[in-house]
2 protein chains.
Amino acid sequence: MNIGDVAERSGLPAKTIRYYEDIGLIRPHRSANGYRCFAETDLHKLAFLARARALGFTIEDCRTLLGLYEDETRASADVKQLAQEHLSIIETKITDLQAMRDTLTELVQCCAGDNRPDCPILRDLAGESDCQERV
Amino acid sequence: MNIGDVAERSGLPAKTIRYYEDIGLIRPHRSANGYRCFAETDLHKLAFLARARALGFTIEDCRTLLGLYEDETRASADVKQLAQEHLSIIETKITDLQAMRDTLTELVQCCAGDNRPDCPILRDLAGESDCQERV
DNA sequence: CCTTGACCTTCCCCTAACTGGAAGCCCCAT
DNA sequence: ATGGGGCTTCCAGTTAGGGGAAGGTCAAGG
């Protein structure tokens, strides 16, 4: 398979696949003409990577996960721990974003949104918090 | 004030403050010795930026917000719209992260986490989804 | 046989928002 | 005058690729 084929079948852009080779996540063979030549196992790895990335794992996590996947003597505890650490990072991000969302929602609700300059959002950013004197 | 003072009072690292000058968000004066010399208004702007950044606004949003803040003829509708657009970006991120969290949580729960190699997390990533045959 | 277009290659620069570090000047205290 | 801390600029690196240029390759059509 050429890169275009695996790109289509894995759902990853060709650029991304070249990048993954660059950083050593995959090692496709080369044809006589210099083209990358992908085997089924390469495609399988790329699909693995695409799923792991879609779950938000970093590239380095993906490298570790691939290594564990190929290591028949792995302990599932190692995989689980990696996933749990990633999970807690995600939960932190969710919490942070929810705090932003809550504050922003309140500010937006307080803002008239008309053609006058008076704006509680700007007042809040400027440190003169009011916005209906929230307790 | 020197940069160390405004750094402490604004809560922003000196590096960040220099960066903000670099990209034109602030324009502190210079003392005879070449040191940046910050006025109260500069400190005020930095605090404004720090709050806007903490709410997740991009630097370019911050630039716009600062401009609106200093424009006495602004319409609060412009501020509100910017905030609403940002809010919807945040909500999208939250939704995406929650989907990741839900999937990961399920996978982690299915994984024994012992010293055996069998692992539903890796099976899922490899495309052989099982994990208690979720409907 | 030649050309055209699609595909492939490498290479380099660009992103956001900083952070780290090196080399060197300035100021104050001892 | 010397030591330490603070200040300056500049360069490089971070994540995970994306955009695009310059050029090689292949199959089909005229």
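Here is the naming used below: chain letters follow the sequence lines, and residue numbers restart at 1 for every chain.
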Between D:dG13 atom C1' and A:I23 atom CD1, what is the distance in whole Å?
16 Å
D:dG24 OP1/OP2 closer than 4.0 Å to side-chain N/O of A:N33:
no
Length of the CG-P vector between A:L25 and D:dT15, whole Å
13 Å
Residue met sooner reading DNA chain C from 5', once B:E60 and B:Y35 are mapped to nucleotides
B:E60
Quick one: B:R30 CZ to C:dC25 P, roughly how many Å, whole number?
17 Å
Separation of D:dG17 atom C1' from A:I59 atom CD1, nearest Å, is 8 Å
Output the rounded distance in Å from CD (B:E8) to P (D:dC7).
11 Å
Please tell me which of A:K15 and A:A32 maps to the more 5' nucleotide of DNA chain D, matching each residue to the nucleotide holding its nearest heavy atom.
A:K15
With respect to the side chain of B:P13, which nucleotide from D:dG18, C:dT19, C:dT9 is positioned closest?
C:dT19
Would you please confirm or rule out a distance under 4.0 Å between OP1 or OP2 of D:dT15 and any side-chain N or O of A:T58?
no
Looking at SG of B:C110 and CD1 of B:I121, how far apart are the two atoms once the value is rounded to the nearest 0.5 Å?
8.5 Å
Could you measure the distance from the CD1 atom of A:I89 to the NZ atom of A:K93? Nearest 0.5 Å is fine.
7.0 Å
Which nucleotide wins on minimum distance to the side chain of A:Y19, given the candidates D:dA16, D:dC7, D:dG18?
D:dA16
Tell me the interatomic distance from B:D22, atom CG, to D:dA12, atom C1', rounded to whole angstroms.
15 Å
What integer distance in Å separates B:R36:CZ from C:dC27:P?
16 Å
Describe the nucleic acid contact of B:Y20 in one word from base, sugar-phosphate, nothing, applying a heavy-atom distance below 4.0 Å.
sugar-phosphate
I need the B:L107 CG to A:Q84 CD distance, nearest 0.5 Å.
11.5 Å
Answer with yes or no whether the side chains of B:Y69 and B:H44 bring together a donor and an acceptor at under 3.5 Å.
yes
Hey, mind stepping through B:S76 and A:D118 against side-chain hydrogen bond (donor to acceptor under 3.5 Å, both in side chains) and telling me if it holds?
CA-CA 6 Å; B:S76 67; A:D118 181 50; over 6 Å; no
Rounded distance (Å) that lies between atom P of C:dA16 and atom CG of B:D61
12 Å
Determine the contact category for B:R53: base if any of its heavy atoms lies under 4.0 Å from a base atom, sugar-phosphate if only primed atoms, P, OP1 or OP2 are that close, otherwise nothing.
sugar-phosphate
